[in-house]
2 protein chains.
Amino acid sequence: MSLSKAPGSAITIHDIAAEAGVSKSTVSLVLKKSPLIKPETAAKVWKAAEKLGYVYNRMAANLRQKSSNVVGVIVNDLTNPFFVELLIGIERVLLQSGYITLMAHTAESAQVQEKVIASFREQNAAGILMCPAFGTSVETIDRLREMHLPFVIMVRQLGDLNYDYVGAANVDGTRMATEHLLRLGHTRIGFIGRSQNSLVGLQRQSGYEEALKQAGISLNPAWVVDSPVSMQGGQDGAKILLDMENGPTAVVCYNDLVAMGVLNELDYRGLRAGKDMAVIGFDDIATAKHTNPPLTTLAINPEQQGEIASRMLLNQLRDHPATHNHYFSQPKLMVRESSGGMLTR
Amino acid sequence: MSLSKAPGSAITIHDIAAEAGVSKSTVSLVLKKSPLIKPETAAKVWKAAEKLGYVYNRMAANLRQKSSNVVGVIVNDLTNPFFVELLIGIERVLLQSGYITLMAHTAESAQVQEKVIASFREQNAAGILMCPAFGTSVETIDRLREMHLPFVIMVRQLGDLNYDYVGAANVDGTRMATEHLLRLGHTRIGFIGRSQNSLVGLQRQSGYEEALKQAGISLNPAWVVDSPVSMQGGQDGAKILLDMENGPTAVVCYNDLVAMGVLNELDYRGLRAGKDMAVIGFDDIATAKHTNPPLTTLAINPEQQGEIASRMLLNQLRDHPATHNHYFSQPKLMVRESSGGMLTR
DNA sequence: TAATATTTTTGGAACGTTCCAAATAATGAT
DNA sequence: ATCATTATTTGGAACGTTCCAAAAATATTA
């Protein structure tokens, strides 16, 4: 297979046109699978393109036709499997809609996030799906809107919900968790997680508080531990509660990672979650059913959330007007051994 | 802030030029921070750009100047935290080198991978970092080379190693693991993991076999279980070994996920890893030190691998000639409780 | 001050596509 | 065969940048 062009220069539609004996416009139409052109002509063009090893230059196309086919996904913390699962749902929908999914990871840095947004904008992305980094200001969202860049916010809501949003009913989740523990007879129930400055944290904490209040149990502030969202954070939080005398007999955790840290600390002390202390997580990440012991948690179906968010964005991309759709995944309690309420495997 | 342009049309360097009273070429130079232009002129231009709310159009720029500043990262399995950690290392280096990291996830589909490569090529990516999907053919690599697209392959090697590659010394790893178990007195040692069709699997299995041979212990084929690379796979594999009478007393696992499945099955049976059976994983993902019990495993530093791979790519991007650099991360045995050899926490 | 060297700025031609209005070819009706 | 329709194809002008060679402004020297 010998190339007649200089090695550096790329094959363009002009080359194909010459090879196939048609005009560049015809080639362009063929590549777009336009119904206008005659099948035989199309076949000729495709053969020529194949022969020359043509690569479509989307940069050039995008330059002319305003909007591109890439969707930017901005994720704040890939080390939390929850977000990976979210991503997978997103990717599935976008891929089969013909969009290219570009992912960027901010690692909770609002600064990196700014760069990434700018970059997506420069790349002329069709739209953005974003899980805001910690400390994202409301202005960031206002700015997105001013850019006329279609977007959907996920997981963390910022300011008024005057944009498309997909998240979970956090308050309901921890309320359900707490009620479950109450039903099992626990009255001394703690909470470990991030609440400072984090809306999701506050929501999850308030569901816990509501359930206690509803049951007529007064909140013991010492049993509410503010910890980083990580296994290590959960472990450190658990140490605090376990070192207390007359501490809680059950604990609701901010999420599964934190709960896994708690399980770890219990194990280290020779204690067993579900027997010596009830532990409930949040998210139901894939690992949750494989922890020792398996973790009772609230399923909020991240993959599905990703799919829904993508579809919201696709809607925006079709009929321009910005909408204000919201979806809150309703948590489902997955009872496993760690809460002590498991009956069958 | 009132815009004088029509809402649809974007601000271009021409608009800035008009506003600042210079030529578009000058604006272009200013935006590139060229030392040629006079500081005062530059200031004027920046102010005008700011005032008009200019957004750099990288598509247009890329069209003219061949190569872009995006690097594509192709990952085969984000559900395995190993790859997420790899990604984080990559991202760190590329970000601070001024490149934009676009990530794509193939979910082990060679078909999706083809699409993604084509897409990165269309996007005119500067280079590609790829963890090949399962079943990737050698031709895929040949084609990458023919495209003159700089690339680095990670984790899985395909065909001859005539390209930049970053991975781990897999054989050494499982040999070390097996030798560790032998030193602890085990003689009945099994292996759970993927070996069929997977080079990494074969490598890891052969390290295990070598160590046994070295110790004069004959291999029991029934103790080598081929299972999917997942917690579920590990759990199913463990069932097989545990249901045997006179089965192995120790098991080397393909990776940490598989090992976690084994830990899970042991726990379910009321057995304890490190006491009733020794378990060793591979990768040392972040979770490994937080499993119950904590997992003995081989650290191969995915973040560092990501950094090294990125630097190899950056090298290629600087001085054109394609190189054949290889880096094999030397595994480090992290002794924790699951192998029974832990002395201190 | 004129001539020269140096710094700074500039217009026009690319880059590879899509869009459009208009040209051409094919078909059908008379 | 002629004309009206309809189905295909086409050249040229965009899109917003960078590159280049050359112009203009400024500084330096004799």
Side-chain angles (χ1 to χ4, degrees), chain A residues 5-6 8-46 48-49 52-70 118-119 121-126, chain B residues 5-6 8-46 48-49 52-70 118-119 121-126:
Chain A
K5 303 259 311 181
S9 70
I11 308 285
T12 76
I13 52 172
H14 290 98
D15 302 315
I16 301 182
E19 175 76 26
V22 295
S23 78
K24 64 173 173 31
S25 304
T26 304
V27 175
S28 175
L29 258 3
V30 170
L31 294 177
K32 296 193 82 76
K33 305 197 206 308
S34 160
L36 285 180
I37 52 91
K38 199 156 49 167
E40 311 148 47
T41 317
K44 230 175 17 182
V45 170
W46 282 118
L52 298 180
Y54 171 72
V55 185
Y56 183 70
N57 185 333
R58 205 174 289 266
M59 319 291 294
N62 289 166
L63 179 57
R64 190 62 172 84
Q65 56 172 23
K66 299 318 282 175
S67 91
S68 81
N69 70 147
V70 333
S119 150
R121 201 182 168 197
E122 286 177 2
Q123 298 281 331
N124 197 17
Chain B
K5 302 262 306 184
S9 69
I11 307 286
T12 75
I13 53 171
H14 289 100
D15 302 316
I16 302 182
E19 175 76 25
V22 295
S23 77
K24 64 172 174 33
S25 305
T26 305
V27 175
S28 176
L29 259 0
V30 171
L31 293 177
K32 296 195 80 78
K33 304 200 206 307
S34 160
L36 284 181
I37 53 90
K38 199 156 48 168
E40 312 148 47
T41 316
K44 227 172 22 178
V45 169
W46 281 119
L52 298 180
Y54 171 72
V55 186
Y56 183 70
N57 184 333
R58 204 174 290 266
M59 319 291 295
N62 288 166
L63 178 57
R64 190 64 171 83
Q65 56 170 23
K66 301 317 285 174
S67 91
S68 81
N69 71 147
V70 332
S119 151
R121 199 181 172 198
E122 285 177 2
Q123 298 282 330
N124 199 17

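Lettering follows sequence order; numbering is per chain, from 1.
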Touch class at under 4.0 angstrom, heavy-atom based, for B:Leu63 against every strand present
base
Once hydrogens and angles are ignored, does a donor-acceptor distance under 3.5 Å link the base of D:dG11 to the side chain of A:Ser25?
yes
Among D:dT8, D:dT17, C:dT17, the nucleotide that comes nearest once only the side chain of A:Leu36 is considered
D:dT8
Ignoring hydrogens and angles, are the base of D:dT17 and the side chain of B:Arg64 linked by a donor-acceptor pair under 3.5 Å?
no
Does A:Ser28 make a side-chain N or O approach to OP1 or OP2 of C:dT18 shorter than 4.0 Å?
yes
Nucleotide nearest A:Ala60 (side chain, heavy atoms from C-beta), chosen from C:dT18, D:dG16, C:dG16:
C:dG16
Any A:Thr12 side-chain nitrogen or oxygen under 4.0 Å from OP1 or OP2 of C:dC15:
no
Over how many whole Å does the gap from A:Ile11 atom CD1 to C:dT17 atom P extend?
10 Å
Does B:Thr26 reach the side chain of B:Leu29, with side-chain heavy atoms less than 4.5 Å apart?
no
Would the distance check show the side chain of A:Asn62 and the main-chain N or O of A:Met59 forming a donor-acceptor pair, the cut-off being under 3.5 Å?
no
Please confirm whether the shortest side-chain N or O distance from A:Lys32 to OP1 or OP2 of C:dT18 is below 4.0 Å.
yes
Phosphate-side-chain proximity, A:Thr26 and D:dT10, N/O vs OP1/OP2 below 4.0 Å:
yes
Phosphate OP1/OP2 of D:dT8: any A:Thr41 side-chain N/O under 4.0 Å:
no
Heavy atoms under 4.0 Å, any strand shown: does A:Leu31 hit a base, just sugar-phosphate, or nothing?
nothing
